[in-house]
**Q** 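I'd like to ask you about the structure that follows.
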Amino acid sequence: MSEASAAVTTGVTVVGIGADGWDGLGEAARAALRRAPVIVGSARQLALLPELGVRCAPLPSPLLENLDGLVADHPGLCLLASGDPMLHGIGATLARRLPPERLRVIPAVSSVALACARLGWPEQETEVISLVSQPPEAALAGLAPGARLILLCRDGATPGAVAGLLAGAGWGDSELTVLERLGGPDEQVLGPFPASDLAAGTEAAPGAAGTGAASAGAVPARFADLCVLAVRPVLAGGQAGGEAGGRALAAGRLPGLPDDAFETDGQITRRELRVLALTALRPGPGELLWDVGAGSGSIGIEWLRAQPLARAIAVEARADRAERAGRNAAALGVPGLRVACGRAPGVLAGLPAPDAVFVGGGVTTAGLLEACWERLAPGGRLVAHAVTVESEAVLHAWQRSRGGQLTRSAISYLEPLGSFTTWRPALPVTQWTVTRDGQPGQGPRGQDGPE
């Protein structure tokens with residue numbers, strides 16, 4: 001028996017299907033569907049199939065909670081997926097749950113490939129962001145002059161929601177193109193529209209059906225649910241001197257957003273120190289950061305912006321600051337930041353183990369560094385800041401015990417002094433950076449309580 005046949009018999013076959021339905025499927029996909037004991041898909045996808053003499057069933061809801069049971073109850077199951085199942089699709093989800101020998105994926109052309117083909121955009125130069133399972137604010141993280149973005153939409157309301165966010169953040173001149181039902185007989189390419197026009201929701205008749213582009217001046221009140229959104233970011237006025245949010249987002253994903261990009265009560269790791277911390281933390285795909293004492297959430301936010309596949313939990317004792325960190329995360333394009341409101345170290349016990357930890361303050365708190373160190377994965381990085389003599393002493397003791405590097409930064413800012421200007425020094429900050437070698441251990445003796 002071939003590997004493909006074994007997957008059909010005992011595992012799952014995922015067939016990607018486009019808006020062109022059965023006519024667009026290759027022979028391998030058609031054969032898999034004909035011999036499947038059961039075919040599961042959305043109502044729209046199942047309607048694209050001819051009569052095959054195979055039992056068909058709708059996807060369970062909610063899907064992720066019922067997916068394991070669906071696979072277990074239906075050996076040889078054939079799942080229908082949109083386009084390429086491995087591109088933000090059910091195939092990728094199953095690949096994380098099943099061994100390769102129990103999963104066979106037969107992809108169709110993805111909506112991203114079709115959109116790039118219609119627009120003349122090289123795929124390798126285009127960033128793809130899925131808004132199917134995350135808020136539209138996630139699109140903001142990809143904004144930079146000269147970028148090209150393809151946004152996978154949850155439904156026909158997504159383009160308008162994104163347009164409103166762009167207009168509100170100073171990107172109202174961005175060019176937005178909505179591509180509906182790509183690959184199907186009623187495909188439409190609508191736009192480009194300025195984001196500010198699309199946000200205004202000007203009601204007009206959609207363009208003519210077909211693969212030709214509709215008039216750029218006609219803004220439909222609503223788009224088809226099966227659509228993707230192409231974005232060419234342009235700052236309002238064509239320059240980066242607009243409002244603070246626009247300037248911040250124009251910086252792209254590199255760490256070092258301006259301090260005024262964040263809503264803050266003053267509890268924030270300033271820009272220059274943030275860059276030093278993020279460089280030492282080294283965000284990696286799939287890695288989890290604890291930002292302990294998050295304040296405005298700046299470290300966790302920049303971690304997620306720098307590495308879209310990373311994860312972060314902002315730990316903050318004060319409820320008002322925790323809420324502010326969440327607002328900052330949404331405004332700066334990373335609504336996936338998880339905020340844990342509670343006092344460390346107690347609140348840390350219920351969190352998943354981190355790959356990196358940042359402690360922006362409170363290192364003299366009893367048991368805080370010990371709790372972070374004990375939960376840190378082997379090879380994980382810990383970065384802690386101190387501004388007082390007492391907290392410096394704690395970091396010095398830990399450095400002697402665990403190694404790593406201590407650095408001290410003294411930064412001055414140019415500020416007015418009467419009719420003149422002068423350098424105003426900020427408080428010096430000591431940074432301890434260390435990588436855990438995998439050996440368990442407690443903290444240094446005598447450093448387990450407040451100084």
Side-chain angles (χ1 to χ4, degrees), residues 254-257 259 262 267-307 310-316 325 334 337-338 340 344-345 347-348 351-365 367-388 390-411 426-439 441 443-444 447:
L254 288 176
L257 293 176
D259 293 341
F262 298 88
Q267 191 72 13
I268 186 172
T269 302
R270 298 196 69 168
R271 181 182 196 173
E272 295 79 9
L273 298 169
R274 208 182 317 130
V275 170
L276 292 175
L278 266 295
T279 301
L281 289 166
R282 305 192 309 276
E287 291 191 324
L288 174 64
L289 169 75
W290 285 359
D291 180 6
V292 181
S296 304
S298 62
I299 292 291
I301 289 168
E302 295 251 40
W303 165 279
L304 292 174
R305 285 174 59 89
Q307 174 47 260
R311 300 167 294 143
I313 301 174
V315 179
E316 175 52 53
V334 285
L337 176 71
R338 176 180 168 187
V347 70
L348 303 179
L351 302 181
D355 302 287
V357 177
F358 176 74
V359 182
V363 298
T364 58
T365 301
L368 176 58
L369 286 179
E370 287 84 354
C372 293
W373 184 260
E374 286 302 311
R375 296 293 305 283
L376 188 63
R381 290 80 63 199
L382 188 149
V383 175
H385 283 182
V387 294
T388 67
E390 291 79 8
S391 55
E392 270 194 346
V394 173
L395 294 188
H396 192 195
W398 275 83
Q399 190 273 335
R400 291 198 307 269
S401 172
R402 297 292 173 224
Q405 179 66 51
L406 283 171
T407 58
R408 199 162 188 256
S409 301
I411 300 171
L427 288 173
V429 176
T430 298
Q431 175 174 292
W432 178 45
T433 303
V434 65
T435 299
R436 176 154 187 179
D437 61 7
Q439 297 300 316
Q447 300 298 331

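One is the number of the first residue; the rest follow in order along the sequence.
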**Q** Kindly write out the residues that satisfy salt bridge (Lys or Arg N to Asp or Glu O under 4.0 Å) with R270, not counting sequence neighbours, or none if the list is empty.
**A**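 Residues passing salt bridge (Lys or Arg N to Asp or Glu O under 4.0 Å) with R270: D259.
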
**Q** By side chain to side chain contact (heavy atoms under 4.5 Å, CB included), which residues pair with S296, not counting sequence neighbours?
**A**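 S296 satisfies side chain to side chain contact (heavy atoms under 4.5 Å, CB included) with T264, I268, N328 once adjacent residues are dropped.
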
**Q** What are the two closest heavy atoms between P345 and T365, and how far apart are they?
**A**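 Heavy atoms of P345 and T365 come nearest at CD-CG2, 4.2 Å.
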
**Q** Just verifying a value: how many Å separate R274 CZ and L281 CG, rounded to the nearest 0.5 Å?
**A**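 Between atom CZ of R274 and atom CG of L281 there are 12.5 Å.
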
**Q** Taking atom CG of L337 and atom CG of D291, what is their separation to the nearest 0.5 Å?
**A**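 Here the interatomic distance stands at 8.0 Å.
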
**Q** What heavy-atom pair brings L257 and R305 nearest, and what distance separates the two atoms?
**A**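 Reported closest heavy-atom pair: CD1-NE, 3.7 Å.
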
**Q** Under a 3.5 Å distance rule, please check whether R311 uses its side chain to pair with a backbone N or O of G286 as donor and acceptor.
**A**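 Such a contact is found between R311 side chain and G286 backbone.
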
**Q** What's the separation between atom CD in Q431 and atom CD in Q405, rounded to the nearest 0.5 Å?
**A**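 Interatomic distance, Q431 CD to Q405 CD, rounded to 0.5 Å: 9.5 Å.
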
**Q** So, W303 side chain and P255 main chain: donor-acceptor pair closer than 3.5 Å or not?
**A**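 Between the backbone of P255 and the side chain of W303 there is no qualifying donor-acceptor contact (under 3.5 Å).
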
**Q** Once side-chain hydrogen bond (donor to acceptor under 3.5 Å, both in side chains) is applied, do any residues pair with E392, and if so which ones, sequence neighbours excluded?
**A**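 Partners of E392 by the side-chain hydrogen bond (donor to acceptor under 3.5 Å, both in side chains) criterion, ordered by chain and then number, come out as R408, T430.
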
**Q** Are any non-hydrogen side-chain atoms of I301 and F262 less than 4.5 angstrom apart?
**A**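 Yes; the side chains approach each other to less than 4.5 Å.
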
**Q** Got a donor-acceptor contact below 3.5 angstrom from the R381 side chain to the R282 backbone?
**A**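 Flag set: sc R381 to bb R282 pair under 3.5 Å.
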
**Q** Between R375 and L351, is there a donor-acceptor pair closer than 3.5 Å when you use the side chain of the first and the backbone of the second?
**A**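 Indeed, once roles are kept as given, a pair shorter than 3.5 Å links the two residues.
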
**Q** Taking E287 for the side chain and A310 for the main chain, is one N or O donor matched with an acceptor at less than 3.5 Å?
**A**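 No; judged by distance alone, with no hydrogens or angles, the pair does not exist.
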
